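First comes the structure, then the notes that go with it.
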Amino acid sequence: MTLNPVDQPTFAITTPLYYVNGLPHIGSAYTTIAADVVARFYRLMGHPVLMITGTDEHGQKIQRTAEERGMSPQSHCDEVAAGFERLWELLNIDCDRFIRTTAPRHNVIVNEFFQRVWEQGDIYQGQQQGWYCVSCEEFKEERDLLSDQRCPIHTNKSVEWRDESNYFFKLSKYQEQLDQLYADRPDFIQPESRRNEVLSFVKRGLQDFSISRINLDWGFPVPTDSGHTLYVWFDALLGYITALQDPDEDPSLEQAVARWWPINIHLIGKDILRFHAVYWPAMLMSAGLPVPGRVYGHGFLTKDGQKMGKSQGNTLDPVELVKKYGADAVRYYFVREIEFGKDGDFNETRFINVLNADLANDLGNLLNRTLKMAARYCGDRVPEIDPQTISADNPLRAIGVSLTKTVAEAYTHLAFSQACTAILALVQASNKFVDDQAPWSLFKQGKQAETEAVLYAVLESVRQAAYLLSPIIPGISNQIYAQLGLTADFNDKAIGQGLNYAEQATWGYLPPGQPLGVASPVFQRLEPLEPVASS
RNA sequence: GGCUCAGUAGCUCAGUGGUAGAGCAGGGGACUCAUAAGCCCUUGGUCGCGUGUUCAAAUCACGCCUGAGCCA
């Protein structure tokens, strides 16, 4: 059965465009891993997929950071953006588009978009005065400030008094339309707790927001007034649109939204929820574009239960982590151990425990022990069993058959942890099945047919598990397929055409009689950490 | 200050009226195909605190404490 990708609806997903104030932190890695998992799952199902990530490079904060480093803003951005791309490569994340907001083609899209909104009469000039935090790139209320006029978020930075002429976007005009959007599409903002937050914010009444700054060089000029520079957020959100277009094409807003718009899922951290769930849809409405499918605000990560931050001195360097443990391990831990949407914790002991238990002991060892038996008892081939002859009551077949739907639903709901739990249940049942059936005894008793039936069921269960886990641990899935004698490259973006979901996601695919590969641990057990005396 | 969410086994969490659960970690056992893995058994909890409603509360109501968040 072949499936033409154009038969399937397109699927586009974004991470935030990360601010290049510094090298990527673990939180950015977390979001991007999640987006990659979703993208890979949709590719598996045969959808044409566009996964977008990138960097947000304008704004005063960047300008000043570059100055402090004695660099031009552009070379600072180039350096940091390259750091992001390297990390994605290390994590085995192959995004389809990496958009940088300093790209010239982005400027074209921004200008066109601005023009549309301008023609709607949704932009006007006004005066804004108040205390401005450069780190937040936001005006602050005086009563929110700490002593010495310091920003409550950036406690070591003083805010600056600004009294300037700005351009404003008429957000207030879209109050009713936004209310309607949230009412019509309860799934627009997820998870539920985030949605409630936005609803209560919007209910209080929306105020127009400033979309320009003066005295700022590092940004795009306001098309209608070159003395002003576009506010970094206005420009950054539009990066999602620019990214849709092939970089080689001439940039045009109309072309950009032709195929992949509207984006299906914006995956974001909960801190930037308002920009994505309120400002962004209003901007799109003004420009006459449909709004995205879902905005999903996930939680934050802590380390050993503590907030992470440079000032607290407890950060988790994603580059070090992935170099130490490998992409699959890091991907699996965050996806499996953290309930997506809620805050989650990183703890290295726990990290090691989970990976050893799930990947080395349960999954890896299951494959290994079964392959060794198949080599010895079945001539190094998949047993010649017609899967249809295996009883529907067979515990593995029963689980495997229902697993397909369970896992697909979990992935589509971004309930990665549930997907893992369901898949691991098959693996655990398989280990139990091996022990219960004791194929080594069956073989010694000369019960060849029974031995083969047991081993087939287990091998097939490992295969199904590997296929369904491939969006999360593509490297391990590749190894498992290879050892089962199957040809697969789960990093191939056309995977859904090569290894069709309808066929491979279900239990009973493994071709009988096929020569098996060489057994070798797919995930090496990690050494437990030496207990450290707490100081 | 207002509002929202959370507080259940050492850890991560499920359970929303009817005799306290899972996974991991810890302890014991039998087996041997296997990455000293797996399998079986098991230790462990006044379900944040208090009052109330009910025949019955982890679950409902009210108050409080602690933590996180949104808003002002």
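Treat the numbers as computed from the prediction; the structure is a model and nothing was measured. Here is the naming used below: chain letters follow the sequence lines, and residue numbers restart at 1 for every chain.
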Let me know, please, whether A:Asn196 or A:Phe201 comes out on the 5' side of the other along RNA chain B by nearest nucleotide.
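First, find each residue's nearest nucleotide; the 5'-ward one identifies A:Asn196.
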On RNA chain B, nearest-nucleotide positions of A:Asn431 versus A:Val434: which is more 5'?
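First, find each residue's nearest nucleotide; the 5'-ward one identifies A:Val434.
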[X] side chain vs [Y] backbone, donor-acceptor pair below 3.5 Å:
X: A:Tyr174; Y: A:Pro281; answer: no
X: A:Ser212; Y: A:Tyr167; answer: yes
X: A:Asp328; Y: A:Ile476; answer: yes

Below 4.0 Å: OP1/OP2 of [N] and any side-chain N or O of [X]:
X: A:Lys444; N: B:C33; value: yes
X: A:Lys432; N: B:G38; value: no
X: A:Arg525; N: B:A37; value: yes
X: A:Arg195; N: B:U4; value: no
X: A:Lys372; N: B:U35; value: yes

Please list, for nucleotides 23-31 of chain B, all pairs of protein and nucleotide N/O atoms separated by less than 3.5 Å.
none

Spacing of [X] atom [atom1] relative to [N] atom [atom2], expressed in whole Å:
X: A:Leu455; N: B:G38; atom1: CG; atom2: C1'; result: 15 Å
X: A:Gln445; N: B:C33; atom1: CD; atom2: P; result: 13 Å
X: A:Asp380; N: B:C33; atom1: CG; atom2: P; result: 17 Å
X: A:Lys203; N: B:C70; atom1: NZ; atom2: P; result: 18 Å
X: A:Leu366; N: B:A37; atom1: CG; atom2: C1'; result: 11 Å
X: A:Phe433; N: B:C40; atom1: CZ; atom2: C1'; result: 18 Å
X: A:Tyr377; N: B:U32; atom1: OH; atom2: P; result: 11 Å
X: A:Glu197; N: B:A68; atom1: CD; atom2: C1'; result: 11 Å

Same-atom distance ([atom1]) from [N] to [M], integer angstrom:
N: B:A20; M: B:A68; atom1: C1'; result: 27 Å
N: B:G48; M: B:A9; atom1: P; result: 8 Å
N: B:U4; M: B:G23; atom1: C1'; result: 30 Å
N: B:A14; M: B:U54; atom1: P; result: 31 Å
N: B:A22; M: B:G15; atom1: C1'; result: 10 Å
N: B:U66; M: B:G28; atom1: C1'; result: 38 Å
N: B:U19; M: B:A36; atom1: P; result: 43 Å
N: B:G1; M: B:A56; atom1: C1'; result: 40 Å

Picking from B:A14, B:G2, B:A37, the nucleotide nearest the side-chain atoms of A:Lys342 would be B:A14
Closest listed nucleotide, where the reference is the side chain of A:Gln524 and the choices are B:G38, B:G69, B:U35:
B:U35
Note: [X]-[Y] ion pair, threshold 4.0 Å (strictly below):
X: A:Asp435; Y: A:Arg369; value: yes
X: A:Arg331; Y: A:Asp36; value: yes
X: A:Glu320; Y: A:Lys323; value: no

Check: [X] ring centroid to [Y] ring centroid under 6.0 Å:
X: A:Tyr333; Y: A:Phe346; result: yes
X: A:Tyr240; Y: A:His276; result: yes
X: A:Phe351; Y: A:Tyr325; result: yes
X: A:Tyr279; Y: A:Phe169; result: no

Tell me what A:Val198 touches on the nucleic acid: a base, only sugar-phosphate, or nothing, going by heavy atoms under 4.0 Å.
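Answer is nothing: A:Val198 stays at 4.0 Å or more from every strand.
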Report which part of the nucleic acid A:Pro439 touches: base, sugar-phosphate, or nothing (heavy-atom distance under 4.0 Å, all strands).
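No contact at all - A:Pro439 keeps every heavy atom at 4.0 Å or more from the nucleic acid.
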Residue pairs fulfilling ring pair (Phe, Tyr, Trp, His ring centres under 6.0 Å) with at least one residue in residues 424-447 of chain A, sequence neighbours excluded
A:Tyr377-A:Phe443
Counting Watson-Crick and G-U wobble pairs with both distances under 3.5 Å, what is the dot-bracket string for RNA chain B, 5' to 3', using [ ] for crossing pairs and | for pairs to another strand?
((((((((.[[[[.)..(..]]]].((((.........)))).....[[[[[..)....]]]]]))))))).
